[in-house]
Amino acid sequence: MFRLLLVFTLVMLSAYAYSAKVVTFSVYSQAMKKDVPNTIILPKGYSAESGSLPVLYALHGATDDHTFWPTIVPKIQEFADQYGIIVVCPDGAKTSWYIDSPIDPSFQYETYISRELVNYVDNTFNTQTDKSSRAIMGLSMGGFGAFYLAIRNTNVFSAAISTSGAFDLRPFPNNWDIAKRIGSQTEYPTNWENYSVVNMAGLLKGKSLALFFDIGVDDFFYNGNKEFHQTLQSMQIPHSYLEMPGGHTLEYWQNSINYHFVFLDEHFKAN
């Protein structure tokens, strides 16, 4: 059993009159031999004794941290209250890309999130522990992470949501520390192929995973999202895809989150 450390710090965001409680806690990762900070949003009515709730894991983008969703997109608290969903926001070490790095053993974030953190949350909070009640979402790097983790761990997550996701890493060899996680593109070209979500559709054949992803038509990640959508269509893999006006901006994400929780609510009610 990995050693777990819980440090609760109640953070009430006074600028917003939501009933949800925003709590920070740390989990010790045996895989990485370090404590990892996380934020959890407990919706109004949450009780440790009764009424277990579904869980959404929300991943932040590059250079942000576990506080991003409740502070920068505080509407997520409103939706947690409205739909009765626990939201867990793990810290991605700025640019971990949420993977188990093949070149740096100190970055093992797939293991951390899909195993260590999920186990900890289910053992600590009053969650619905079957995978049908567990989903993952993310923005930008986090959109990549949500789909990458869910596609590779369909036994853990039943749904994945991405907004402005970095589905094709190959056009960005010098950006956001990707090369530090999977190696340089010239030295490790196969990694850049295999770690790009746009090339992972084949892993979904015969699997059950609800997918929703959206992209702004002016976003620099647009081509990768469009290509992934077309690949899923050609392989007849069910998914929901949405293109909207906008770019890689906070204004876009403040709007796209509305669609995410409608999708989540329908998914959880159907399972």
Side-chain angles (χ1 to χ4, degrees), residues 1-7 24-39 57-69 88-121 136-157 160 162-203 220-221 224 228 248:
M1 293 292 293
F2 45 82
R3 180 168 63 88
L4 300 172
L5 173 65
L6 173 65
V7 182
T24 63
F25 65 98
S26 295
V27 173
Y28 181 79
S29 168
Q30 186 64 42
M32 295 187 287
K33 303 296 188 292
K34 68 177 182 179
D35 291 313
V36 181
N38 311 269
T39 295
Y57 289 80
L59 310 182
H60 63 77
T63 75
D64 287 310
D65 61 25
H66 62 101
T67 65
F68 172 84
W69 283 105
V88 179
C89 308
D91 192 85
K94 302 297 183 183
T95 55
S96 70
W97 287 87
Y98 303 105
I99 65 171
D100 285 354
S101 171
I103 65 169
D104 186 348
S106 69
F107 282 81
Q108 302 295 303
Y109 279 84
E110 177 179 1
T111 295
Y112 172 68
I113 293 172
S114 63
R115 294 173 179 79
E116 296 176 331
L117 180 59
V118 166
N119 289 340
Y120 180 80
V121 168
I136 188 166
M137 70 174 285
L139 175 156
S140 192
M141 178 186 79
F144 162 89
F147 270 49
Y148 179 86
L149 293 178
I151 291 170
R152 288 173 49 85
N153 297 275
T154 54
N155 61 318
V156 178
F157 303 104
S162 167
T163 187
S164 304
F167 283 1
D168 191 351
L169 304 179
R170 296 167 298 181
F172 306 98
N174 302 311
N175 298 90
W176 312 297
D177 292 340
I178 302 172
K180 292 182 179 180
R181 307 297 166 242
I182 63 175
S184 71
Q185 198 170 51
T186 54
E187 189 175 0
Y188 297 93
T190 302
N191 285 352
W192 289 75
E193 295 291 328
N194 294 341
Y195 280 86
S196 287
V197 167
V198 73
N199 293 325
M200 296 175 68
L203 298 179
F220 42 78
F221 292 140
F228 191 57
H248 208 80

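Quick note: residue numbers are just sequence positions, from 1.
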- Between Y57 and C89, does a side-chain contact (heavy atoms from CB on, under 4.5 Å) hold up when you go through it step by step? CA-CA 6 Å; Y57 289 80; C89 308; over 6 Å; no
- Would you indicate whether the side-chain heavy atoms of N153 and R115 approach each other to under 4.5 Å? yes
- Item | Test item: D65 side-chain N/O and D91 main-chain N/O as donor-acceptor pair under 3.5 Å | no
- Correct closest heavy-atom pair for A146 and G138 would be CB-N, 3.7 Å
- Task: Give the minimum heavy-atom separation between P173 and W192, together with the two atoms involved.
- Result: CA-CH2, 3.5 Å
- Message: In the structure I gave you, are the side-chain heavy atoms of N38 and V27 within less than 4.5 Å of one another anywhere?
- Response: yes
- Message: If only side-chain N and O atoms count, and only distance matters, is there a donor-acceptor pair under 3.5 Å linking Q185 with N191?
- Response: no
- Query: Any side-chain heavy-atom pair from D64 and W69 closer than 4.5 angstrom?
  - Reply: no
- Task: Compute the ring centroids of W176 and F172, then answer whether they are less than 6.0 Å apart.
- Result: yes
- Query: If we only count heavy atoms from C-beta on, is the F167 to F221 side-chain gap below 4.5 Å?
  - Reply: no
- Is the Y98 ring parallel, tilted or perpendicular to the H60 ring (thresholds 30°, 60°)? perpendicular
- Is there a donor-acceptor pair under 3.5 Å between the side chain of E116 and the backbone N or O of A31? yes
- Item | Approximate separation, where rounding is to 0.5 Å, of N199 CG and L203 CG | 10.0 Å
- Once you round to the nearest 0.5 Å, how far does OG of S96 lie from CE of M32? 7.5 Å
- Just how far is it from atom NZ of K34 to atom OH of Y112, taken to the nearest 0.5 Å? 9.5 Å
- Query: Cut-off 3.5 Å, side chains only: do T95 and R181 have a donor facing an acceptor?
  - Reply: yes
- Task: Walk me through it: do R170 and V198 pass the test side-chain contact (heavy atoms from CB on, under 4.5 Å)?
- Result: CA-CA 10 Å; R170 296 167 298 181; V198 73; 3.7 Å; yes
- Message: Any heavy-atom pair between the side chains of I103 and I182 that's under 4.5 Å?
- Response: no
- Message: I'd like to know whether the aromatic ring centres of Y120 and Y28 sit less than 6.0 Å apart in this structure.
- Response: no
- Message: According to ring-ring contact (aromatic ring centres under 6.0 Å, His included), who are the partners of F68, at least two apart in sequence or on a separate chain?
- Response: none
- Item | Spacing of CZ belonging to F228 relative to OG belonging to S162, to within rounding of 0.5 Å | 9.5 Å
- Message: Measuring from atom OG1 of T154 to atom CD1 of I151, what distance do you get when rounded to the nearest 0.5 angstrom?
- Response: 10.0 Å
- Item | Sub-4.5 Å side-chain heavy-atom contact between I99 and Y195 | yes
- Query: So do L59 and M141 actually touch side chain to side chain, heavy atoms under 4.5 Å?
  - Reply: no
- Query: Which atom names give the shortest non-hydrogen contact between L169 and W97, and what distance separates them?
  - Reply: CD2-CZ3, 3.7 Å
- Message: Would you say that D168 contacts P171 through its side chain, given a criterion of any heavy-atom pair below 4.5 Å between the two side chains?
- Response: yes
- Query: With no hydrogens and no angle check, is any side-chain donor or acceptor of S140 less than 3.5 Å from a backbone partner on G165?
  - Reply: no
- Message: Using the rule given for side-chain contact (heavy atoms from CB on, under 4.5 Å), can you reason through T163 versus H248, listing the C-alpha separation, both sets of side-chain angles and the distance that settles it, and then say yes or no?
- Response: CA-CA 9 Å; T163 187; H248 208 80; over 6 Å; no
- Message: Tell me the closest heavy-atom pair linking Q108 and P105, and the distance in Å.
- Response: CG-O, 3.2 Å
- Item | T24 and H66: side chain donor to acceptor below 3.5 Å | no
- Query: Ignoring hydrogens and geometry, is there a side-chain-to-backbone donor-acceptor pair from S184 to E187 under 3.5 Å?
  - Reply: yes
- Using 30° and 60° as the class limits, which term best fits the ring planes of Y148 and F144: parallel, tilted or perpendicular? parallel
- Message: Ignoring hydrogens, what is the shortest heavy-atom contact between P90 and I113? Give both atom names and the distance.
- Response: CG-CD1, 4.1 Å
- Note on the structure: Between M200 and N194, the two heavy atoms sitting closest are CG-O, 4.1 Å
